[in-house]
Amino acid sequence: MKNKRTSGISLVALIVTIIVLIILTAAVIVTFMEGGIIERAKEAVFKSDIRTYQEMLAVKNAENMIELATGNGEGELLNATELAEIQAIIPEFKEEYKDLIAISNGEIVLGSREDNPYRDWLIELGIRKEVIVGKPIIEVLQVGDYVDYNTTGGTYDIKTATGTNETSWIFNDKDGDSSFDEGEEEIVYQDIMWIVLKNNGTEVTLVSAEPVENIALYGGNAFAYGPTRLDTICETVYGGRNLKIEDINELIGFDGDDETKWIYKDDSWNNTNIPENVRTIGELENSIGQILMFRTGPEQGKELGDYIPNYYIHEKENLIDVDNKVLDMIFKDKGYWLSSSTIMVYAIGEFDSYASFCVRDVINNEVSSMSLYSTDMGDDMSVRLKGLRPVVTLSATAEISDTNKGDGSSVSSAWQLK
(Lines give C-alpha, C1' and ligand atoms only; values in the text may rest on other atoms or scores of the structure.)
Protein backbone atom coordinates (compact mmCIF):
# COMPACT_ATOMS: atom_id res chain seq x y z
CA MET A 1 0.00 0.00 0.00
CA LYS A 2 1.21 3.46 -0.79
CA ASN A 3 1.28 6.28 1.82
CA LYS A 4 -0.95 9.28 1.11
CA ARG A 5 0.56 12.80 1.85
CA THR A 6 -1.28 16.09 1.97
CA SER A 7 0.73 19.25 0.99
CA GLY A 8 -0.13 22.88 2.04
CA ILE A 9 0.97 26.06 3.95
CA SER A 10 1.32 25.86 7.68
CA LEU A 11 -0.65 28.11 10.02
CA VAL A 12 2.58 29.65 11.33
CA ALA A 13 3.74 30.69 7.85
CA LEU A 14 0.36 32.27 7.15
CA ILE A 15 0.47 34.32 10.33
CA VAL A 16 4.01 35.53 9.54
CA THR A 17 2.96 36.57 6.04
CA ILE A 18 0.01 38.57 7.35
CA ILE A 19 2.19 40.36 9.89
CA VAL A 20 4.73 41.30 7.19
CA LEU A 21 1.95 42.69 4.96
CA ILE A 22 0.57 44.75 7.85
CA ILE A 23 4.00 46.22 8.54
CA LEU A 24 4.57 47.10 4.88
CA THR A 25 1.12 48.69 4.59
CA ALA A 26 1.73 50.78 7.70
CA ALA A 27 5.08 51.92 6.34
CA VAL A 28 3.49 53.01 3.06
CA ILE A 29 0.72 54.89 4.90
CA VAL A 30 3.25 56.66 7.13
CA THR A 31 5.29 57.64 4.08
CA PHE A 32 2.21 59.19 2.47
CA MET A 33 1.06 60.87 5.67
CA GLU A 34 4.41 62.41 6.62
CA GLY A 35 4.78 64.75 3.66
CA GLY A 36 6.02 62.36 1.11
CA ILE A 37 4.12 61.76 -2.07
CA ILE A 38 0.82 63.32 -0.95
CA GLU A 39 2.47 66.56 0.21
CA ARG A 40 4.56 66.84 -2.93
CA ALA A 41 1.52 66.23 -5.08
CA LYS A 42 -0.41 68.88 -3.15
CA GLU A 43 2.45 71.34 -3.62
CA ALA A 44 2.67 70.58 -7.34
CA VAL A 45 -1.07 71.16 -7.83
CA PHE A 46 -0.98 74.43 -5.86
CA LYS A 47 2.02 75.84 -7.73
CA SER A 48 0.52 74.79 -11.04
CA ASP A 49 -2.71 76.58 -10.15
CA ILE A 50 -0.88 79.78 -9.21
CA ARG A 51 1.14 79.76 -12.43
CA THR A 52 -2.08 79.27 -14.38
CA TYR A 53 -3.65 82.21 -12.54
CA GLN A 54 -0.61 84.36 -13.38
CA GLU A 55 -0.93 83.48 -17.06
CA MET A 56 -4.66 84.23 -17.07
CA LEU A 57 -4.05 87.53 -15.28
CA ALA A 58 -1.40 88.49 -17.85
CA VAL A 59 -3.96 87.88 -20.62
CA LYS A 60 -6.52 90.06 -18.81
CA ASN A 61 -3.96 92.86 -18.40
CA ALA A 62 -3.04 92.63 -22.08
CA GLU A 63 -6.72 92.86 -23.04
CA ASN A 64 -7.06 95.98 -20.90
CA MET A 65 -4.06 97.57 -22.58
CA ILE A 66 -5.50 96.76 -26.01
CA GLU A 67 -8.78 98.38 -24.98
CA LEU A 68 -6.85 101.44 -23.88
CA ALA A 69 -4.96 101.59 -27.18
CA THR A 70 -8.18 101.31 -29.21
CA GLY A 71 -10.03 103.81 -27.06
CA ASN A 72 -12.56 101.25 -25.83
CA GLY A 73 -11.54 101.13 -22.20
CA GLU A 74 -9.56 102.76 -19.41
CA GLY A 75 -6.73 100.24 -19.55
CA GLU A 76 -6.23 100.13 -15.78
CA LEU A 77 -4.09 97.45 -14.14
CA LEU A 78 -6.32 95.09 -12.18
CA ASN A 79 -6.67 95.12 -8.39
CA ALA A 80 -8.61 92.66 -6.22
CA THR A 81 -8.37 91.45 -2.62
CA GLU A 82 -11.71 89.70 -1.94
CA LEU A 83 -12.61 86.20 -3.17
CA ALA A 84 -15.48 87.42 -5.33
CA GLU A 85 -13.31 90.16 -6.87
CA ILE A 86 -10.57 87.67 -7.76
CA GLN A 87 -13.03 85.13 -9.17
CA ALA A 88 -14.54 87.88 -11.32
CA ILE A 89 -11.09 88.25 -12.92
CA ILE A 90 -10.03 84.58 -12.72
CA PRO A 91 -13.21 82.42 -12.72
CA GLU A 92 -11.15 79.24 -12.09
CA PHE A 93 -9.76 80.58 -8.81
CA LYS A 94 -10.39 77.99 -6.05
CA GLU A 95 -12.26 79.00 -2.92
CA GLU A 96 -9.82 77.01 -0.79
CA TYR A 97 -7.12 79.55 -1.76
CA LYS A 98 -9.14 82.44 -0.32
CA ASP A 99 -6.94 85.19 1.20
CA LEU A 100 -3.74 83.36 0.25
CA ILE A 101 -3.18 85.73 -2.66
CA ALA A 102 -4.49 89.07 -3.92
CA ILE A 103 -4.17 91.01 -7.16
CA SER A 104 -2.34 94.33 -6.95
CA ASN A 105 -1.64 96.51 -9.99
CA GLY A 106 -1.94 93.68 -12.45
CA GLU A 107 0.09 91.05 -10.62
CA ILE A 108 -0.46 88.35 -8.02
CA VAL A 109 0.83 89.28 -4.57
CA LEU A 110 0.73 87.77 -1.10
CA GLY A 111 -2.64 87.95 0.62
CA SER A 112 -3.54 88.31 4.29
CA ARG A 113 -3.51 84.56 5.04
CA GLU A 114 -0.08 83.51 6.26
CA ASP A 115 -0.50 79.80 7.04
CA ASN A 116 2.15 77.44 5.74
CA PRO A 117 3.16 75.65 3.64
CA TYR A 118 1.18 77.84 1.24
CA ARG A 119 3.02 81.06 2.12
CA ASP A 120 6.40 79.32 1.64
CA TRP A 121 5.28 77.89 -1.70
CA LEU A 122 4.20 81.33 -2.91
CA ILE A 123 7.55 82.82 -1.93
CA GLU A 124 9.30 79.98 -3.75
CA LEU A 125 7.35 81.03 -6.84
CA GLY A 126 8.83 84.51 -6.49
CA ILE A 127 5.68 86.11 -5.06
CA ARG A 128 6.97 88.34 -2.27
CA LYS A 129 5.03 91.61 -2.47
CA GLU A 130 2.19 92.14 -0.06
CA VAL A 131 -0.99 94.15 -0.16
CA ILE A 132 -0.66 96.93 2.42
CA VAL A 133 -3.68 97.51 4.64
CA GLY A 134 -5.69 95.40 2.25
CA LYS A 135 -4.91 97.74 -0.66
CA PRO A 136 -2.15 98.16 -3.23
CA ILE A 137 0.26 101.03 -2.61
CA ILE A 138 -1.28 103.05 -5.43
CA GLU A 139 -4.55 103.26 -3.49
CA VAL A 140 -2.86 104.01 -0.18
CA LEU A 141 -0.93 107.13 -1.16
CA GLN A 142 -3.08 110.22 -1.61
CA VAL A 143 -2.18 113.67 -2.93
CA GLY A 144 -0.70 115.70 -0.08
CA ASP A 145 0.45 112.68 1.97
CA TYR A 146 3.93 112.84 3.46
CA VAL A 147 6.33 110.12 2.35
CA ASP A 148 9.71 109.18 3.82
CA TYR A 149 11.60 107.82 0.82
CA ASN A 150 15.38 107.69 0.51
CA THR A 151 16.75 107.97 -3.02
CA THR A 152 20.31 106.90 -3.74
CA GLY A 153 21.61 110.47 -3.85
CA GLY A 154 24.55 112.00 -5.67
CA THR A 155 26.44 115.18 -6.54
CA TYR A 156 26.55 117.34 -9.63
CA ASP A 157 29.06 120.02 -10.66
CA ILE A 158 26.94 122.83 -12.08
CA LYS A 159 29.14 125.90 -12.47
CA THR A 160 29.06 126.22 -16.25
CA ALA A 161 31.07 128.64 -18.37
CA THR A 162 29.92 129.98 -21.74
CA GLY A 163 32.83 130.92 -23.95
CA THR A 164 35.98 132.26 -22.34
CA ASN A 165 34.54 135.13 -20.31
CA GLU A 166 32.12 133.10 -18.16
CA THR A 167 29.12 135.27 -18.90
CA SER A 168 26.62 132.53 -18.07
CA TRP A 169 26.73 130.58 -14.81
CA ILE A 170 24.56 128.24 -12.85
CA PHE A 171 25.84 127.38 -9.38
CA ASN A 172 24.86 126.52 -5.81
CA ASP A 173 24.82 129.83 -3.94
CA LYS A 174 25.05 128.31 -0.45
CA ASP A 175 25.38 131.60 1.42
CA GLY A 176 22.75 133.41 -0.68
CA ASP A 177 25.00 136.39 -1.42
CA SER A 178 24.25 136.26 -5.19
CA SER A 179 27.90 135.76 -6.04
CA PHE A 180 29.98 132.70 -6.82
CA ASP A 181 32.38 131.64 -4.08
CA GLU A 182 34.86 128.81 -3.76
CA GLY A 183 33.12 125.52 -2.97
CA GLU A 184 29.78 126.44 -4.55
CA GLU A 185 30.28 124.34 -7.68
CA GLU A 186 28.36 121.28 -6.48
CA ILE A 187 24.79 120.40 -5.71
CA VAL A 188 24.91 117.67 -3.05
CA TYR A 189 22.16 115.22 -2.19
CA GLN A 190 20.12 116.13 0.89
CA ASP A 191 17.97 113.67 2.84
CA ILE A 192 14.52 115.22 2.42
CA MET A 193 10.86 114.54 3.14
CA TRP A 194 8.53 114.09 0.18
CA ILE A 195 4.84 114.81 -0.53
CA VAL A 196 2.57 112.98 -2.95
CA LEU A 197 2.10 115.35 -5.88
CA LYS A 198 0.10 113.11 -8.21
CA ASN A 199 -1.40 109.62 -8.21
CA ASN A 200 -2.77 108.51 -11.58
CA GLY A 201 -3.54 104.91 -10.69
CA THR A 202 -0.37 103.39 -12.12
CA GLU A 203 2.33 105.78 -10.86
CA VAL A 204 2.88 107.98 -7.84
CA THR A 205 4.75 111.28 -8.23
CA LEU A 206 6.54 112.69 -5.18
CA VAL A 207 7.87 116.23 -4.75
CA SER A 208 10.16 117.50 -2.00
CA ALA A 209 8.11 118.87 0.89
CA GLU A 210 10.26 122.01 0.97
CA PRO A 211 12.58 123.66 -1.59
CA VAL A 212 16.22 122.63 -1.30
CA GLU A 213 19.50 124.35 -2.21
CA ASN A 214 19.99 127.85 -3.64
CA ILE A 215 20.41 127.58 -7.39
CA ALA A 216 21.76 130.77 -8.94
CA LEU A 217 21.36 131.55 -12.64
CA TYR A 218 23.56 134.25 -14.13
CA GLY A 219 23.46 135.48 -17.71
CA GLY A 220 21.07 135.11 -20.65
CA ASN A 221 22.23 131.67 -21.75
CA ALA A 222 21.88 130.32 -18.22
CA PHE A 223 18.24 131.36 -18.37
CA ALA A 224 17.66 130.11 -21.91
CA TYR A 225 18.95 126.65 -21.02
CA GLY A 226 18.05 126.81 -17.33
CA PRO A 227 15.13 124.36 -17.47
CA THR A 228 17.23 121.62 -19.05
CA ARG A 229 20.03 122.17 -16.55
CA LEU A 230 17.65 122.13 -13.59
CA ASP A 231 16.23 118.81 -14.77
CA THR A 232 19.72 117.38 -15.21
CA ILE A 233 20.65 118.38 -11.67
CA CYS A 234 17.58 116.69 -10.21
CA GLU A 235 18.07 113.58 -12.33
CA THR A 236 21.67 113.19 -11.20
CA VAL A 237 21.25 114.09 -7.52
CA TYR A 238 17.74 112.84 -6.75
CA GLY A 239 16.99 110.35 -9.52
CA GLY A 240 14.19 112.51 -10.90
CA ARG A 241 13.55 115.92 -12.41
CA ASN A 242 12.51 119.39 -11.31
CA LEU A 243 8.94 120.50 -10.64
CA LYS A 244 7.21 121.77 -13.78
CA ILE A 245 4.47 124.27 -14.45
CA GLU A 246 2.59 121.37 -16.10
CA ASP A 247 2.53 119.51 -12.77
CA ILE A 248 1.00 122.52 -11.06
CA ASN A 249 -1.53 123.06 -13.85
CA GLU A 250 -2.73 119.49 -13.42
CA LEU A 251 -2.77 119.74 -9.64
CA ILE A 252 -5.00 122.81 -9.58
CA GLY A 253 -7.20 121.58 -12.42
CA PHE A 254 -6.05 124.15 -14.98
CA ASP A 255 -7.10 122.94 -18.42
CA GLY A 256 -4.84 125.21 -20.47
CA ASP A 257 -7.57 126.86 -22.53
CA ASP A 258 -5.40 129.95 -22.97
CA GLU A 259 -2.82 127.92 -24.89
CA THR A 260 0.81 129.03 -24.88
CA LYS A 261 1.18 132.78 -25.39
CA TRP A 262 4.13 133.92 -27.50
CA ILE A 263 4.63 137.68 -27.70
CA TYR A 264 7.25 140.19 -28.70
CA LYS A 265 7.46 143.96 -28.33
CA ASP A 266 7.39 145.96 -31.53
CA ASP A 267 9.32 149.18 -32.14
CA SER A 268 6.62 151.10 -30.24
CA TRP A 269 7.02 148.80 -27.23
CA ASN A 270 3.59 147.32 -27.77
CA ASN A 271 2.99 143.67 -26.98
CA THR A 272 2.50 141.86 -30.27
CA ASN A 273 1.47 138.26 -30.77
CA ILE A 274 3.78 135.95 -32.65
CA PRO A 275 2.33 135.69 -36.18
CA GLU A 276 0.17 132.65 -36.96
CA ASN A 277 2.01 129.54 -38.18
CA VAL A 278 5.37 130.91 -37.05
CA ARG A 279 7.04 128.01 -35.27
CA THR A 280 10.78 128.61 -35.40
CA ILE A 281 13.11 131.42 -34.45
CA GLY A 282 14.17 131.82 -38.07
CA GLU A 283 10.55 132.20 -39.17
CA LEU A 284 9.98 134.82 -36.49
CA GLU A 285 12.98 136.82 -37.63
CA ASN A 286 11.75 136.72 -41.21
CA SER A 287 8.20 137.71 -40.25
CA ILE A 288 9.19 140.77 -38.22
CA GLY A 289 12.26 141.74 -40.23
CA GLN A 290 14.54 141.68 -37.19
CA ILE A 291 17.63 139.73 -36.27
CA LEU A 292 17.16 138.48 -32.73
CA MET A 293 20.29 138.39 -30.62
CA PHE A 294 19.14 135.43 -28.55
CA ARG A 295 19.63 133.17 -31.56
CA THR A 296 23.16 132.71 -30.24
CA GLY A 297 21.40 130.69 -27.52
CA PRO A 298 18.63 128.50 -28.97
CA GLU A 299 19.39 127.26 -32.50
CA GLN A 300 17.70 129.08 -35.36
CA GLY A 301 15.79 126.03 -36.59
CA LYS A 302 14.42 125.01 -33.21
CA GLU A 303 10.71 125.40 -32.61
CA LEU A 304 9.70 128.22 -30.30
CA GLY A 305 7.71 125.71 -28.31
CA ASP A 306 10.93 123.96 -27.33
CA TYR A 307 11.80 127.03 -25.29
CA ILE A 308 8.37 128.39 -24.43
CA PRO A 309 6.32 125.51 -22.99
CA ASN A 310 3.96 127.74 -21.02
CA TYR A 311 3.35 131.34 -20.19
CA TYR A 312 0.79 131.01 -17.43
CA ILE A 313 0.64 132.97 -14.19
CA HIS A 314 -1.18 131.56 -11.17
CA GLU A 315 -1.97 133.70 -8.15
CA LYS A 316 -2.91 131.92 -4.95
CA GLU A 317 -5.70 134.33 -4.09
CA ASN A 318 -7.42 133.60 -7.42
CA LEU A 319 -7.39 129.81 -6.99
CA ILE A 320 -10.52 129.78 -4.84
CA ASP A 321 -11.69 126.34 -6.02
CA VAL A 322 -8.46 124.55 -5.11
CA ASP A 323 -7.99 122.56 -1.91
CA ASN A 324 -5.93 124.51 0.65
CA LYS A 325 -3.76 121.45 1.20
CA VAL A 326 -2.81 121.53 -2.48
CA LEU A 327 -2.14 125.28 -2.38
CA ASP A 328 0.10 124.82 0.65
CA MET A 329 2.07 122.25 -1.35
CA ILE A 330 2.68 124.74 -4.16
CA PHE A 331 3.21 128.11 -2.52
CA LYS A 332 6.23 128.27 -0.24
CA ASP A 333 7.92 131.22 1.46
CA LYS A 334 11.25 130.16 0.01
CA GLY A 335 11.03 130.62 -3.76
CA TYR A 336 11.99 127.82 -6.11
CA TRP A 337 12.61 127.27 -9.82
CA LEU A 338 10.27 125.38 -12.14
CA SER A 339 11.79 123.59 -15.12
CA SER A 340 9.39 125.15 -17.64
CA SER A 341 10.74 128.13 -19.54
CA THR A 342 9.32 131.12 -21.34
CA ILE A 343 11.00 133.55 -23.71
CA MET A 344 9.61 137.03 -24.23
CA VAL A 345 11.13 138.41 -27.38
CA TYR A 346 11.85 142.15 -27.55
CA ALA A 347 12.54 143.54 -31.04
CA ILE A 348 13.43 147.24 -31.04
CA GLY A 349 14.20 149.32 -34.15
CA GLU A 350 15.65 147.97 -37.35
CA PHE A 351 18.88 146.52 -35.98
CA ASP A 352 18.79 146.95 -32.19
CA SER A 353 17.10 144.01 -30.45
CA TYR A 354 17.42 141.91 -27.37
CA ALA A 355 15.63 139.00 -25.75
CA SER A 356 14.40 138.46 -22.22
CA PHE A 357 15.05 134.89 -21.18
CA CYS A 358 12.61 133.69 -18.54
CA VAL A 359 12.54 130.65 -16.30
CA ARG A 360 9.35 129.76 -14.45
CA ASP A 361 9.44 130.11 -10.70
CA VAL A 362 7.27 130.17 -7.58
CA ILE A 363 7.70 132.88 -4.99
CA ASN A 364 5.33 133.23 -2.03
CA ASN A 365 1.83 133.53 -3.49
CA GLU A 366 2.48 133.54 -7.22
CA VAL A 367 3.60 131.17 -9.96
CA SER A 368 5.25 133.38 -12.53
CA SER A 369 8.49 133.76 -14.50
CA MET A 370 11.81 135.35 -13.66
CA SER A 371 13.45 137.17 -16.55
CA LEU A 372 16.96 138.38 -17.30
CA TYR A 373 17.97 140.46 -20.33
CA SER A 374 20.39 139.13 -22.90
CA THR A 375 22.06 142.14 -24.49
CA ASP A 376 24.79 144.67 -23.82
CA MET A 377 23.29 145.91 -20.56
CA GLY A 378 26.33 145.58 -18.31
CA ASP A 379 25.42 145.04 -14.66
CA ASP A 380 21.82 144.19 -15.55
CA MET A 381 22.95 140.66 -16.31
CA SER A 382 22.48 139.89 -12.64
CA VAL A 383 22.12 136.72 -10.63
CA ARG A 384 18.68 135.30 -9.88
CA LEU A 385 18.49 133.02 -6.84
CA LYS A 386 15.92 130.32 -6.09
CA GLY A 387 15.65 126.87 -4.52
CA LEU A 388 14.91 123.53 -6.21
CA ARG A 389 12.01 121.12 -5.75
CA PRO A 390 13.05 117.70 -7.03
CA VAL A 391 10.38 115.30 -8.28
CA VAL A 392 10.55 111.50 -8.46
CA THR A 393 8.06 109.06 -9.96
CA LEU A 394 7.48 105.60 -8.49
CA SER A 395 5.66 102.66 -10.05
CA ALA A 396 2.54 101.27 -8.42
CA THR A 397 4.56 98.34 -7.07
CA ALA A 398 6.44 100.46 -4.53
CA GLU A 399 6.10 98.95 -1.06
CA ILE A 400 5.38 100.47 2.33
CA SER A 401 7.76 99.41 5.08
CA ASP A 402 6.36 96.81 7.47
CA THR A 403 7.97 98.56 10.46
CA ASN A 404 6.12 101.85 10.14
CA LYS A 405 3.15 102.11 7.83
CA GLY A 406 2.21 105.59 9.09
CA ASP A 407 -0.82 107.44 7.74
CA GLY A 408 0.81 110.25 5.75
CA SER A 409 -0.91 113.06 7.65
CA SER A 410 2.31 114.74 8.85
CA VAL A 411 6.06 114.49 8.77
CA SER A 412 6.05 112.44 11.97
CA SER A 413 3.54 109.96 10.54
CA ALA A 414 4.90 109.84 6.99
CA TRP A 415 4.48 106.69 4.94
CA GLN A 416 7.75 104.73 5.03
CA LEU A 417 8.60 103.40 1.58
CA LYS A 418 11.01 100.56 0.97
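Both backbone and side-chain heavy atoms feed into the values below; hydrogens, waters and symmetry mates do not.
The shortest side-chain heavy-atom distance between Asp173 and Phe180 does not fall under the 4.5 Å cut-off. In this structure, Val196 and Tyr146 have side chains that are not in contact, with every pair of non-hydrogen atoms separated by 4.5 Å or more. Looking at heavy atoms from C-beta onward, Val391 lies out of side-chain contact with Leu206 at the 4.5 angstrom threshold. At least one side-chain heavy atom of Leu319 sits under 4.5 Å from a side-chain heavy atom of Phe331. Counting heavy atoms from C-beta on, the side chains of Ile215 and Tyr336 never come closer than 4.5 Å. Residues Ile233 and Ile158 have side chains in contact (heavy-atom distance under 4.5 Å, counting atoms from C-beta outward). Side-chain contact between Asp333 and Ile363 is absent, with no heavy-atom pair separated by less than 4.5 Å. Side chains of Leu394 and Tyr149 form a contact here, defined as non-hydrogen atoms less than 4.5 Å apart.
Contact record, Leu122 with Leu100: CD1-O, 3.5 Å, taken as the closest heavy-atom pair. Shortest non-hydrogen contact noted between Ile192 and Ser208 is CD1-CB, 3.5 Å. Residues Arg389 and Met329 come closest through the heavy atom pair NH1-O, 2.5 Å. Pairing each heavy atom of Asn214 with each of Lys174, the nearest pair is ND2-O, 3.7 Å. The heavy-atom pair separating Gly335 from Pro211 by the smallest distance is O-CB, 4.4 Å. Shown here for Gln190 and Val212, the closest heavy-atom pair between the two residues is NE2-CB, 3.7 Å.
In this structure, Lys332 pairs ionically with Glu210, as a charged nitrogen and a carboxylate oxygen lie closer than 4.0 Å. Ionic pairing of Lys244 and Asp231 is present here: one or more N-O contacts between side-chain nitrogen and carboxylate oxygen are shorter than 4.0 angstrom. With respect to the salt-bridge test (charged N to carboxylate O, under 4.0 angstrom), the residues Asp323 and Lys325 do not qualify.
Partners of Asp49 under the side chain to side chain contact (heavy atoms under 4.5 Å, CB included) rule, at least two apart in sequence or in another chain, are Val45, Tyr53, Lys94, Tyr97. In this structure Glu43 satisfies the salt bridge (charged side-chain N to carboxylate O under 4.0 Å, His left out) test together with Lys47, sequence neighbours excluded. Take Thr232 and apply the side chain to side chain contact (heavy atoms under 4.5 Å, CB included) test, not counting sequence neighbours, and it matches Tyr156, Thr228, Thr236.
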Stepwise side chain to side chain contact (heavy atoms under 4.5 Å, CB included) test for Asp148 and Trp415: CA-CA 6 Å; Asp148 189 359; Trp415 296 104; over 6 Å; no
Ile127 vs Ile50, side chain to side chain contact (heavy atoms under 4.5 Å, CB included): CA-CA, chis, key distance, verdict: CA-CA 10 Å; Ile127 299 173; Ile50 298 301; 3.7 Å; yes
Glu366 and His314: CA distance, side-chain angles, deciding distance, side chain to side chain contact (heavy atoms under 4.5 Å, CB included) verdict: CA-CA 6 Å; Glu366 186 175 83; His314 298 309; over 6 Å; no
Derivation of the side chain to side chain contact (heavy atoms under 4.5 Å, CB included) call for Leu251 and Asp247: CA-CA 6 Å; Leu251 200 62; Asp247 296 324; over 6 Å; no
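Between the side chains of Glu246 and Ser340, at least one donor N or O lies within less than 3.5 Å of an accepting N or O. For Asn172 and Glu213, the side-chain atoms include at least one donor-acceptor pair closer than 3.5 Å. Of the N and O atoms on the side chains of Glu315 and Asn318, at least one donor lies less than 3.5 Å from an acceptor on the other residue. With hydrogens and angles left out, the side-chain atoms of Trp337 and Asn242 include no donor and acceptor closer than 3.5 Å.
Put simply, CG on Leu338 and CG on Leu243 are 5.5 Å apart, with the number rounded to the nearest 0.5 Å. Rounding to the nearest 0.5 Å places CD1 of Ile187 at 11.5 Å from CD of Glu185. We find the NZ-CG distance between Lys386 and Asp361 to be 4.5 Å, quoted to the nearest 0.5 Å. In this structure, OG1 on Thr205 lies 8.5 Å from CG on Asn199, to the nearest 0.5 angstrom. With rounding to the nearest 0.5 Å, the separation of CD in Gln54 from CZ in Arg51 is 8.0 Å. A distance of 8.5 Å separates OG in Ser412 from CE in Met193, rounded to the nearest 0.5 Å.
Put simply, the side chain of Glu85 gets close to the backbone of Glu82: a donor and an acceptor are under 3.5 Å apart. Within the 3.5 Å criterion, the main-chain N or O of Ala44 finds no donor-acceptor partner in the side chain of Ser48.
Screening Leu57, Ile103, Ile108 against Ile86 for a side-chain contact (heavy atoms from CB on, under 4.5 Å) leaves a single residue, Ile103.
In the displayed structure, Glu95 atom CD is contacted under 6.0 Å by at most 12 heavy atoms of other residues, nucleotides or ligands. The environment of Lys98 atom NZ is sparse: at most 12 non-hydrogen atoms of other residues, nucleotides or ligands sit within 6.0 angstrom. Counting heavy atoms of neighbouring residues, nucleotides and ligands inside a 6.0 Å radius, atom CG of Asn364 exceeds 12 of them.
By the 30° and 60° cut-offs, the orientation of the rings of Tyr238 relative to Trp194 is perpendicular.
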